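Numbering starts at 1 and runs along the sequence shown. Atom set for the values below is all heavy atoms of this structure, side chains included, hydrogens, waters and symmetry mates excluded. Note that the structure is a prediction, hence the values are computed from the model and not measured.
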Amino acid sequence: MRILYTLLLYFALPVVLLYLLLRGLRDGAYLRRWQERFGRFSAPQSTGGIVVHAASMGEVNAAAALIQQLSRLHSDAPLYVTTLTPTGSGRVRALFGSEVFHVYAPIDLPGSVRRFLDRTRPRLLVVMETEIWPNLYHEAQRRNVPIVIVNARISPNSIGRYRRLHRLIGPALSSVAAIGAQSAQDATRFLQLGAPREKTCVTGNLKFDIRLPPGLIEEGEAIRSAWGVQRPVLLAGSTHEGDELPLLESFGRVLDSFPTALLVLVPRHPERFGRAAQLARAAGLRVALRSESISCPADSQCFLVDSVGELLRFYAACDAAFVGGSLDAIGGHNVLEPAALAKPVLFGPHTFHFADIARQLLDHGAALEVRDAAELEAATRRLFSDPELRDRMGRAAYELVRSGEGAVERTLQLLESTVTPATG
């Protein structure tokens, strides 16, 4: 089955390259460093390093504390961090600078994978969440490089698709050294796909172990002071167009009752900054851009964050947070970031990437689920008009995050039981 998969991947390669080219027309970073995606790059002349694969910016953020601990514990050998996206690459550089070696993950072709492993020569390959690449796993097993899937998850929406590919996925999973699942449900789904029971355990969700940057709360307070302390502020983070249209529609009506309110809009993808600003202006809102100033005029109604890596500091400045990717069937983004900052959380019905966490937030009275513009408007009005409710929901959110901490330590224990000592 893996041979057929490889042949299909070769046939699909022109489509992959066309996709990168089209993305590059909107985000020039996709047009650079293509050779790395085929395993061609210069790496440190050392063996026995550790590779951590975190596909995009969200996974990099989730893995940050784990990467820091691995760097501390294994300072004797290189630490490589691979991503698939330029935003993930930028986040690696922002968090770690030259402390780690960043390279794009290879396309899952045999030659690209072999070149990648020839250059990195790792003694451990750590894979975040659900990145199952059959040729990479096969070649790593052939070289006796242990693979550990950490923060492992499979959403209810994805399990059917993976089951249909069980003849391809099963052998890949059977080759791993260990799987640390986010929850018991995730562990069960991996077992259903062919993961060995004796190698599968629950270590928890790394995203609960949020390490807030020093001074973040103070930064948030300074930003809020620049906006106006009395202004009601709704932050909409990691948004897509399917979120923005109902957000803008509902917020326009909220302004009828709260004329000084501010919507802080943080699109998920940088290439959408211009489009999001266009939508906000078309909805009749007065728009200010982050690229022009961190403050905004008092008469602004929408503050568009057209920058990368600043979401946390703006979460720290808001009254309530809507997390995007959830009004459309995208699956939602990280709802724990605003929760860790004691903010009441809003999200749509499509949170299958964070299903367990979203349910816990709802059960603890820390979040509200909204299905459309009308429900989003009602929830925003309710939160803006009730400071005690905001405070109660925020405290519940913060306490839930604290109760889930410890995943980094459990994951480290799993990795340390797997990794072999460096040999030089």
Taking atom types as modelled, is there a side-chain donor on T380 or E377 under 3.5 Å from an acceptor on the other? no
Under the ring-ring contact (aromatic ring centres under 6.0 Å, His included) rule, what pairs show up with a residue in residues 271-301, not counting sequence neighbours? none
Whether the D108 and Y5 side chains hold a donor-acceptor pair (N or O, under 3.5 Å, no angle test) is what I'd like checked. yes
Of all heavy-atom pairs linking V51 and P122, the shortest is CG2-CB, 3.9 Å
Qualifying salt bridge (charged side-chain N to carboxylate O under 4.0 Å, His left out) pairs with a residue from residues 334-350, counting only residues at least two apart or across chains: none
R402/E399 salt bridge by N-O under 4.0 Å criterion: no
Between Q413 and R410, do the side chains contain an N or O donor and an N or O acceptor separated by less than 3.5 Å? no
Run S112 and R37 through side chain to side chain donor-acceptor pair (under 3.5 Å) and show every step you take. CA-CA 7 Å; S112 301; R37 300 184 187 273; over 6 Å; no
Under 3.5 Å, is there a donor-acceptor pair between the side chain of R189 and the main chain of I154? yes
Applying ring-ring contact (aromatic ring centres under 6.0 Å, His included) as the test, list every pair that has at least one member in residues 361-413; sequence neighbours left out. F258-F384
With sequence neighbours excluded, residues passing salt bridge (charged side-chain N to carboxylate O under 4.0 Å, His left out) with E375: R371
Counterpart residues, salt bridge (charged side-chain N to carboxylate O under 4.0 Å, His left out), relative to R281 (two or more places apart): none
Less than 4.0 Å between a side-chain N and a carboxylate O, is that true for E129 and K207? yes
Within the supplied structure, the quantity of interest is the number of heavy atoms (other residues, nucleotides, ligands) at a distance under 6.0 Å from R40 CZ; does it exceed 12? no
Got a sec: does the CH2 of W133 have more than 12 other heavy atoms crowding it under 6.0 Å? no
Gap separating the CG atom of L327 from the OG1 atom of T239, nearest 0.5 angstrom: 10.5 Å
Enter the distance from E36:CD to S42:OG here, rounded to the nearest 0.5 Å. 9.5 Å
Can S238 and N334 be counted as having a side-chain donor-acceptor contact under 3.5 angstrom? no
F208: which residues meet the ring pair (Phe, Tyr, Trp, His ring centres under 6.0 Å) condition with it, sequence neighbours left out? none
R224 side chain to R231 main-chain N or O, any donor-acceptor pair under 3.5 Å? yes
Report the distance from atom CG of L95 to atom CG of N61, rounding to the nearest 0.5 Å. 6.0 Å
Could you name each residue pair satisfying ring-ring contact (aromatic ring centres under 6.0 Å, His included) that touches residues 81-106, not counting sequence neighbours? Y80-F101, H102-Y104
Regarding S295 and S293, is there a side-chain donor-to-acceptor distance under 3.5 Å anywhere? yes
Look up atom CD in Q182 and atom CG in N205, then write down how far apart they are to the nearest 0.5 Å. 4.0 Å
What distance do I147 atom CD1 and L136 atom CG have between them, rounded to the nearest 0.5 Å? 5.5 Å
Sequence neighbours excluded, which residues qualify as ring pair (Phe, Tyr, Trp, His ring centres under 6.0 Å) partners of H269? H240
Decide whether H74 and E416 meet the rule of one side-chain donor and one side-chain acceptor closer than 3.5 Å. yes
Between K199 (side chain) and I179 (backbone), is there a donor-acceptor pair under 3.5 Å? no
Under the 3.5 angstrom rule, does the side chain of R390 hit a backbone N or O of A320 as a donor-acceptor pair? no
Listed pairs under 3.5 Å, donor-acceptor, residues 213-221 side chains, sequence neighbours left out:
{"unit_1": "E219", "atom_1": "OE1", "unit_2": "R313", "atom_2": "NE", "d": "2.9"}
{"unit_1": "E219", "atom_1": "OE1", "unit_2": "R313", "atom_2": "NH2", "d": "2.7"}

Taking distance alone, no hydrogens or angles, what donor-acceptor pairs closer than 3.5 Å link side-chain atoms of residues 346-358 to residues at least two apart or in another chain?
{"unit_1": "H353", "atom_1": "ND1", "unit_2": "R153", "atom_2": "NH1", "d": "3.3"}
{"unit_1": "H353", "atom_1": "NE2", "unit_2": "I330", "atom_2": "O", "d": "3.1"}
{"unit_1": "D356", "atom_1": "OD2", "unit_2": "S183", "atom_2": "OG", "d": "3.1"}

If you count every heavy atom of other residues, nucleotides or ligands that lies below 6.0 Å from R33 atom CZ, does the total exceed 12? yes
Test side chain to side chain donor-acceptor pair (under 3.5 Å) on S71 and Q68; report intermediate values, then the result. CA-CA 5 Å; S71 178; Q68 288 169 349; over 6 Å; no
Considering only NZ, NE, NH1 and NH2 on the basic side and carboxylate oxygens on the acidic side, decide whether R275 and E244 come within less than 4.0 Å. no
Name all residues meeting the side-chain contact (heavy atoms from CB on, under 4.5 Å) criterion together with R392; count only those two or more places apart in sequence or in a different chain, and write none if there are none. L389, R395
Residues at least two apart in sequence or cross-chain that pass side-chain contact (heavy atoms from CB on, under 4.5 Å) with L8, listed by chain then number, are L4
Test item: side-chain donor near acceptor, Q185 and T188, under 3.5 Å: no
Looking at D27 and E271, would you say the former's side chain and the latter's main chain have a donor-acceptor pair under 3.5 Å? no
Check whether N135 reaches the backbone of L109 with its side chain - one donor and one acceptor, N or O, closer than 3.5 Å. no
